[in-house]
Chemist: 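Take a look at this one; I'll ask things after.
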Amino acid sequence: MVTSLDDPLRRSLLRRGFALEYATLGWNVVGIVVLAVAAFTARSVALAGFGLDSLIEIGASTVVIWELTGTGEARQRFALRVIGIGFAALAVYLLAQSTVVLATGFHPEHSPLGIAWTAVTAIAMFALAAGKARTGAALGNPVLATEGRVTLIDGLLAVAVLLGLLLNSLVGWWWADPVAGYVLVVYALREVREIFSSND
């Protein structure tokens with residue numbers, strides 16, 4: 001942690017960090033319910049998978065909330081490793097989902113609810129990710145900043161799912177979402193490598 005911050009500023013930044021994480025946590029808890037309804041209605045593998053991704057984000061936010069309540073390099077290293085495992089799980093999920101959807105040629109139904117939720121989720125996640133990056137940098141807290149990249153990936157995944165839903169709905173391009181998923185796999189794996197190489 002940065003030691004040059006005065007106590008009032010540090011407390012203010014910590015409060016902001018907690019607020020960002022609790023907002024992310026609450027959003028994803030609601031999202032699991034909304035996505036379950038949308039996925040069941042549209043029989044959409046992508047929406048069901050995005051709901052599972054919300055579980056990863058919930059876990060990452062919980063880790064950061066825990067880390068912000070204490071101090072010490074050992075605590076930070078442990079939290080970063082847990083977030084790295086979350087990135088790895090996300091990469092595996094995206095790879096498996098995209099491959100299964102492409103291999104089976106699964107065509108979901110149209111989902112107005114899914115389109116609306118993924119659109120607002122993308123905006124919310126990008127805003128939260130930017131806030132975490134700024135707050136983490138100001139605090140000198142790599143855990144908060146790194147988890148901000150998990151939130152960024154959540155936003156990018158929302159955009160990918162949204163694009164897939166729109167292309168499927170408008171022009172019948174059912175394969176657009178799984179293809180976008182492969183791009184995010186590369187990003188997630190890069191983050192895993194950076195996290196674990198910096199903690200060696």
Side-chain angles (χ1 to χ4, degrees), residues 20-65 79-102 104 106 108 111 113-133 143-144 146-168 174-192 195:
L20 289 165
E21 291 303 332
Y22 281 120
T24 305
L25 195 60
W27 187 280
N28 282 288
V29 168
V30 173
I32 289 175
V33 177
V34 174
L35 289 165
V37 173
F40 178 78
T41 303
R43 295 182 295 141
S44 170
V45 174
L47 285 171
F50 191 43
L52 293 175
D53 168 68
S54 295
L55 288 174
I56 294 173
E57 180 67 33
I58 287 170
S61 292
T62 302
V63 167
V64 176
I65 290 169
L80 283 170
R81 287 191 184 99
V82 172
I83 292 172
I85 291 169
F87 267 117
L90 179 57
V92 170
Y93 141 67
L94 287 169
L95 182 62
Q97 174 189 302
S98 298
T99 301
V100 168
V101 171
L102 283 175
T104 60
F106 186 84
S111 178
L113 176 59
I115 289 171
W117 181 257
T118 52
V120 295
T121 295
I123 295 169
M125 292 302 108
F126 289 146
L128 288 167
K132 291 175 187 181
V143 176
L144 181 58
T146 299
E147 200 277 325
R149 295 200 294 271
V150 178
T151 306
L152 175 63
I153 284 190
D154 199 32
L156 291 171
L157 182 56
V159 171
V161 174
L162 173 62
L163 182 61
L165 292 171
L166 287 173
L167 290 176
N168 178 59
W174 59 270
W175 44 264
D177 174 58
V179 169
Y182 285 124
V183 176
L184 296 180
V185 168
V186 175
Y187 184 90
L189 289 176
R190 186 184 68 180
E191 292 295 335
V192 172
I195 288 171

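As the structure is a prediction and not an experimental result, all values here were calculated from the model.
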Chemist: Give me the one residue out of Thr146, Ile85, Val63 that meets side-chain contact (heavy atoms from CB on, under 4.5 Å) with Leu80.
Modeler: Thr146

Chemist: Any side-chain heavy atom of Leu102 within less than 4.5 Å of one from Tyr182?
Modeler: yes

Chemist: What is the distance from atom CD of Glu191 to atom CD1 of Ile153, rounded to the nearest 0.5 Å?
Modeler: 6.0 Å

Chemist: Taking it one step at a time, do Leu163 and Thr118 satisfy side chain to side chain contact (heavy atoms under 4.5 Å, CB included)?
Modeler: CA-CA 9 Å; Leu163 182 61; Thr118 52; over 6 Å; no

Chemist: Just verifying a value: how many Å separate Thr151 OG1 and Asn28 CG, rounded to the nearest 0.5 Å?
Modeler: 8.0 Å

Chemist: Below 4.5 Å, heavy atoms only, C-beta onward: do Ser98 and Val179 meet side chain to side chain?
Modeler: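 When only atoms from C-beta onward are counted, Val179 and Ser98 do not touch, as no gap falls below 4.5 Å.
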
Chemist: Quick one, Arg190 and Phe87 - any side-chain contact, counting heavy atoms below 4.5 Å?
Modeler: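 Not touching, per the 4.5 Å side-chain cut-off.
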
Chemist: Say you draw a straight line from CD of Glu21 to CG of Leu144; how long is it, rounded to the nearest 0.5 Å?
Modeler: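 One gets 5.5 Å once the value is rounded to the nearest 0.5 Å.
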
Chemist: Out of Asp53, Ile56, Thr24, which residue meets the side-chain contact (heavy atoms from CB on, under 4.5 Å) rule with Asp154?
Modeler: Asp53

Chemist: So which atom in Ala91 and which in Leu189 form the shortest heavy-atom distance, rounded to 0.1 Å?
Modeler: CB-CD2, 3.7 Å

Chemist: Would you please test Phe40 and Leu35 for side chain to side chain contact (heavy atoms under 4.5 Å, CB included) and show each step?
Modeler: CA-CA 8 Å; Phe40 178 78; Leu35 289 165; over 6 Å; no

Chemist: Locate the shortest heavy-atom distance separating Ser111 from Gly114; write the atom from each residue and the value.
Modeler: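 Scanning both residues completely, I find the closest heavy atoms to be OG-N, 2.9 Å.
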
Chemist: List the atom of Ala23, the atom of Leu128, and the distance in Å for their closest heavy-atom pair.
Modeler: CB-CD2, 4.0 Å

Chemist: So, for Val150 and Ala60, which heavy atoms are closest and what is the spacing to 0.1 Å?
Modeler: CG1-CB, 4.2 Å

Chemist: Before giving the answer on side chain to side chain contact (heavy atoms under 4.5 Å, CB included), spell out for Ile58 and Ile32 the whole-Å C-alpha distance, their side-chain angles and the decisive distance to 0.1 Å.
Modeler: CA-CA 10 Å; Ile58 287 170; Ile32 289 175; 3.5 Å; yes

Chemist: For the side chain of Thr41 and the backbone of Ala38, is there at least one donor-acceptor N/O pair under 3.5 Å apart?
Modeler: no

Chemist: Between Glu57 and Lys132, is the closest basic N to carboxylate O distance under 4.0 Å?
Modeler: yes

Chemist: Would you call Val159 and Phe126 a side-chain contact if the rule is heavy atoms closer than 4.5 Å?
Modeler: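 The answer is yes, as the side chains (C-beta and beyond) meet within the 4.5 Å cut-off.
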
Chemist: What distance do Leu113 atom CG and Leu165 atom CG have between them, rounded to the nearest 0.5 Å?
Modeler: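 Atom-to-atom, Leu113:CG and Leu165:CG are 10.0 Å apart.
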
Chemist: Hey, are the side chains of Leu162 and Phe50 touching, using non-hydrogen atoms and a 4.5 Å cut-off?
Modeler: no

Chemist: Flag the pair Ile65 / Leu25 as yes when at least one side-chain heavy-atom distance between them is below 4.5 Å, and no otherwise.
Modeler: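 In short, these two side chains touch, coming nearer than 4.5 Å.
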
Chemist: Could you report the tightest heavy-atom contact between Ile195 and Gly84, atom names first, then the distance?
Modeler: CD1-CA, 3.8 Å

